[in-house]
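Worksheet: one structure, shown below.
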Amino acid sequence: MVYKTVVLFVILLFNMSYVIFASDPDPVQDFCIANTEPASHSSQCKNSSLATVEDFVFSGIKVPGKFGPTGLSGVSVNSNVFPGLNTLGMSFVRADFEVGGVNVPHFHPRATETAFVLEGKIYSGFVDTNNRIFAKVIEKGEVMVFPRGLLHFQMNVGDTPATLLGSFDSQNPGSQRIPAAIFGSGIKDKLLEKAFGLSSKEISKLKKKLGSH
């Protein structure tokens with residue numbers, strides 16, 4: 001009886017760990033090119049017999065995108081813009097930094113990220129759940145990993161523009177930027193005042209300045 005109980009416990013523990021740590025579901029076919037035809041929403045996948053090599057090639061990150069107020073340009077590459085990625089459990093992003101440009105603290109709730117520096121010097125790091133910081137300047141050819149769900153950040157500390165390519169182990173990693181999540185989501189001012197020890201006027205200024213960043 002004890003043996004059976006132990007076996008059942010091990011099986012349950014294994015199944016729970018699989019649910020907790022599994023990423024996107026495994027594909028059940030070679031590929032499933034996202035069906036973008038507006039008149040055919042009955043099928044998630046494009047007919048495989050109509051697939052061509054062009055379905056598996058993407059040219060949309062040859063150049064940087066539009067730069068934002070923090071000096072960052074981020075071009076996401078997911079199944080919405082690259083249908084060939086659909087169901088393959090991955091996506092990526094091209095990030096370009098002006099001199100002094102910053103990718104503000106943020107996290108991805110559904111994916112681990114690896115960041116490969118193509119050009120420049122980037123101060124890069126993350127903070128674990130014990131509030132320990134792991135950060136250093138990484139340069140061209142180096143890679144840093146950000147564990148799933150942990151807050152991380154980057155800043156160009158070189159004297160030239162910088163570029164990196166970020167890869168995610170999820171088709172839809174999600175992204176929550178901390179300044180916008182706190183000051184642009186509609187959290188009541190009273191709570192923010194108590195949480196940060198700031199006045200209502202200071203909170204109002206931060207909302208105007210950081211709410212969309």
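In this text, all values refer to a predicted model and were calculated from it rather than measured experimentally. Side-chain atoms are counted along with the backbone in the values below, which use heavy atoms only and exclude waters and symmetry mates.
- Residues that satisfy the side-chain contact (heavy atoms from CB on, under 4.5 Å) test with K188, not counting sequence neighbours, are absent from this structure.
- Residue pairs meeting the salt bridge (Lys or Arg N to Asp or Glu O under 4.0 Å) criterion with at least one member in residues 192-202: none, sequence neighbours excluded.
- Distance check: L165 CG to F116 CZ gives 8.0 Å after rounding to the nearest 0.5 Å.
- Between the side chains of N78 and S76, no donor-acceptor pair is found at a separation under 3.5 Å.
- Through direct or relayed side-chain contacts under 4.5 Å between Ile, Leu, Val, Met, Phe, Trp and Tyr, F31 connects to I33, F56.
- Within the 4.5 Å cutoff, no side-chain heavy atoms of V104 are placed close to those of I178.
- Residues satisfying the side-chain contact (heavy atoms from CB on, under 4.5 Å) test with T52, not counting sequence neighbours, are E54, D55.
- In terms of heavy-atom proximity, R110 sits nearest to G174 at NH2-CA, 3.3 Å.
- Hydrophobic clustering (ILVMFWY, side-chain heavy atoms < 4.5 Å, transitive): L85 and V81 are in one cluster.
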Chi angles and distances behind the side-chain contact (heavy atoms from CB on, under 4.5 Å) call for V137, I122:
CA-CA 5 Å; V137 175; I122 299 176; over 6 Å; no
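- The side-chain contact (heavy atoms from CB on, under 4.5 Å) check on I133 picks up Y123, V127, A135, F153, with sequence neighbours excluded.
- V53 and V77 fall into different hydrophobic clusters, where Ile, Leu, Val, Met, Phe, Trp and Tyr side chains are chained together by heavy-atom contacts under 4.5 Å.
- There is a path of hydrophobic side-chain contacts, each under 4.5 Å, that joins I203 to L191.
- Considering only residues two or more places apart in sequence or on other chains, F168 meets the ring-ring contact (aromatic ring centres under 6.0 Å, His included) condition with H108.
- Checking side-chain atoms of T112 against main-chain N and O of R148 turns up a donor-acceptor pair under 3.5 Å.
- Residues F107 and P109 share a closest heavy-atom pair of O-CD, 3.7 Å.
- Remark: F146 pairs with E113, A115, S124, F126, M144, H152, Q154 by the side-chain contact (heavy atoms from CB on, under 4.5 Å) rule, at least two apart or across chains.
- Judged as a side chain to side chain donor-acceptor pair (under 3.5 Å), and not counting sequence neighbours, S167 has no contacts.
- Note that SG of C45 and CG of N35 are 8.0 Å apart. Values are rounded to the nearest 0.5 Å.
- Among residues at least two apart or in separate chains, salt bridge (Lys or Arg N to Asp or Glu O under 4.0 Å) pairs with a member in residues 119-145 are E119-K140, D128-R132.
- Placement of V145 and L150 in two distinct hydrophobic clusters is found when ILVMFWY residues are connected by side-chain heavy-atom separations under 4.5 Å, directly or transitively.
- Residues T87 and Q44 come closest through the heavy atom pair CG2-NE2, 4.2 Å.
- Note: I182 CD1 to Q176 CD = 9.5 Å, rounded to the nearest 0.5 Å.
- Between the OG atom in S185 and the CG atom in L192 there is a gap of 7.5 Å [rounded to 0.5 Å].
- Taking all atoms of both residues into account, the shortest heavy-atom contact from S79 to A34 is O-CB, 4.3 Å.
- The ring-ring contact (aromatic ring centres under 6.0 Å, His included) test applied to F58 returns F82, not counting sequence neighbours.
- Here the side chain of S73 pairs no donor or acceptor atom with the backbone of F67 at under 3.5 angstrom.
- Here the closest heavy-atom approach between residue P105 and residue P179 is recorded as O-CD, 3.8 Å.
- L151 and L72 sit in two unconnected hydrophobic clusters of ILVMFWY residues. Membership requires side-chain heavy atoms under 4.5 Å apart, directly or through other members.
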Please output the side-chain donor-acceptor pairs of residues 91-102 that fall under 3.5 Å, not counting sequence neighbours, one pair per line with the distance.
{"unit_1": "S91", "atom_1": "OG", "unit_2": "S170", "atom_2": "O", "d": "2.8"}
{"unit_1": "R94", "atom_1": "NE", "unit_2": "D96", "atom_2": "OD1", "d": "3.4"}
{"unit_1": "R94", "atom_1": "NE", "unit_2": "D96", "atom_2": "OD2", "d": "2.7"}
{"unit_1": "R94", "atom_1": "NH1", "unit_2": "I61", "atom_2": "O", "d": "2.8"}
{"unit_1": "R94", "atom_1": "NH1", "unit_2": "K62", "atom_2": "O", "d": "3.0"}
{"unit_1": "R94", "atom_1": "NH2", "unit_2": "D96", "atom_2": "OD1", "d": "3.1"}
{"unit_1": "D96", "atom_1": "OD1", "unit_2": "T163", "atom_2": "OG1", "d": "2.6"}

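- You'll find the side chain of L206 reaches within 4.5 Å of the side chain of L198, heavy atoms only.
- Here T70 contributes atom OG1 and N156 contributes atom CG; the two are 11.5 Å apart, rounded to the nearest 0.5 Å.
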The test is side-chain hydrogen bond (donor to acceptor under 3.5 Å, both in side chains); show your working for Q171 and N86 and say whether it passes.
CA-CA 7 Å; Q171 178 174 318; N86 190 44; 3.1 Å; yes
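- Across G166 and L164, no two heavy atoms sit closer than the pair N-CD1, 3.9 Å.
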